[in-house]
Amino acid sequence: MSESDIKLEVKKLSPHLFPELETELNWDILEKYFQFLQRENERGGFFSKNDSERILDRHILDSLIFCWKLMKTGFVSRETVVADIGTGPGLPGFLFMVLKNAPFLYLIDSQKRKLALLETEVRHGKLSEVSERVEFVYARAEEFQAEFDLICTRAMVPYPYVAEVATLLVKQNGYLCPFLAQEYPDKAMEREVLLNNGFTLKKEIPIPELDFVGKRHIKILQKTSKPRQGFPREWKEIVKETKNKNG
């Protein structure tokens with residue numbers, strides 16, 4: 001799919017947003033990233049069989065609008081240091097690189113197979129023009145020692161427990177911004193998990209422009225205090241609790 005084909009498809013899927021996106025995106029980078037995902041998916045499989053035919057709308061445009069919303073609402077700028085945890089082949093975080101005035105980005109994943117392919121494309125391939133603004137980290141999020149202005153994530157750990165995995169990576173007064181589908185139903189449990197890990201729900205950003213793939217929204221969680229004593233817990237304890245809550 002060429003750059004012009006991608007533009008036509010984005011215009012068809014999101015006609016009301018397209019006039020803004022048209023002037024605010026680096027379409028050449030978007031085209032190259034789409035071609036990378038398509039090529040490597042055919043070789044080794046990033047996505048399920050059903051999703052392989054919907055890479056543009058279900059993965060790229062989905063993630064692109066998430067990143068664009070964070071920048072338009074002022075939570076991300078060129079000076080922001082962003083980390084995407086559990087990024088796989090760069091989703092959603094790499095789509096920040098498609099935006100003009102992109103932030104500095106860390107892509108973090110413990111499984112090297114998918115992310116290493118993207119690193120090769122960025123360091124030595126067609127996406128090398130963004131290489132100075134992207135770092136690749138092969139580590140578990142809960143074990144990596146660094147602090148960032150903002151953490152984003154798409155499908156790493158069920159919400160709200162991602163707050164426990166990410167809390168030590170977020171600077172004081174920084175943000176955790178999970179990209180979510182349906183609302184979490186247990187509001188009391190949500191508040192408890194967030195408070196235990198130092199977060200306050202600052203804002204929710206609906207994304208009606210993505211209704212063509214289903215309900216999507218962003219939680220803006222600000223780290224307003226240190227985690228309570230005993231938090232975050234070991235990974236195995238977090239996994240155990242998420243399984244219990246999900247039946």
What's the spacing between Arg54 CZ and Asp62 CG if we round to 0.5 Å? 10.0 Å

Quick check: do [X] and [Y] have side-chain heavy atoms less than 4.5 Å from each other?
X: Met1; Y: Leu56; value: yes
X: Phe46; Y: Leu117; value: yes
X: Pro103; Y: Glu79; value: no
X: Phe231; Y: Leu195; value: no
X: Glu3; Y: Lys7; value: yes
X: Thr200; Y: Leu221; value: no
X: Lys69; Y: Arg216; value: no
X: Cys152; Y: Pro178; value: no

Test side chain to side chain contact (heavy atoms under 4.5 Å, CB included) applied to Val82 and Phe104, step by step: CA-CA 6 Å; Val82 175; Phe104 194 86; over 6 Å; no

Which pair of non-hydrogen atoms, one from [X] and one from [Y], has the smallest distance, and what is that distance?
X: Leu70; Y: Cys177; result: CD2-SG, 4.0 Å
X: Thr167; Y: Asn197; result: OG1-O, 2.8 Å
X: Gly90; Y: Leu118; result: CA-CD2, 3.8 Å
X: Thr80; Y: Ser77; result: OG1-N, 2.8 Å
X: Glu164; Y: Pro232; result: O-CB, 3.3 Å
X: Ala139; Y: Ile108; result: O-CG2, 3.6 Å

Residues that [X] engages under ring pair (Phe, Tyr, Trp, His ring centres under 6.0 Å), provided they are two or more places apart:
X: Phe47; answer: His59
X: Phe34; answer: none
X: Phe66; answer: Phe179

Taking side chain to side chain contact (heavy atoms under 4.5 Å, CB included) as the test, write out the residues that go with [X], two or more places apart.
X: Ala166; result: Ile85, Ile151, Leu176
X: Lys112; result: Ala116, Tyr138
X: Lys236; result: Glu234
X: Lys11; result: Phe18

Under a 4.0 Å N-O cut-off, is there an ion pair linking [X] with [Y]?
X: Lys215; Y: Glu183; value: no
X: Glu121; Y: Lys126; value: no
X: Glu40; Y: Arg43; value: yes

Run the salt bridge (charged side-chain N to carboxylate O under 4.0 Å, His left out) test against [X] and tell me which residues pass, sequence neighbours left out.
X: Glu24; answer: Lys72
X: Glu204; answer: Lys219
X: Asp211; answer: none
X: Glu147; answer: none

Test side chain to side chain contact (heavy atoms under 4.5 Å, CB included) on Phe212 and Leu210; report intermediate values, then the result. CA-CA 5 Å; Phe212 61 86; Leu210 288 174; 3.8 Å; yes

According to the side chain to side chain donor-acceptor pair (under 3.5 Å) rule, which pairs have a member within residues 86-109, sequence neighbours left out? Asp84-Thr87

Looking at Gln111, I'd like to know if its CD atom is crowded, meaning that more than 12 non-hydrogen atoms belonging to other residues, nucleotides or ligands lie closer than 6.0 Å. no

What do the steps show when you test Val239 against Tyr161 for side chain to side chain contact (heavy atoms under 4.5 Å, CB included), and what is the final call? CA-CA 9 Å; Val239 171; Tyr161 297 96; over 6 Å; no

Could you walk me through whether Val122 and Phe136 pass the side chain to side chain contact (heavy atoms under 4.5 Å, CB included) test, one step at a time? CA-CA 10 Å; Val122 169; Phe136 295 83; 3.8 Å; yes

Glu42 and Gln38 side chains, donor-acceptor separation under 3.5 Å: no

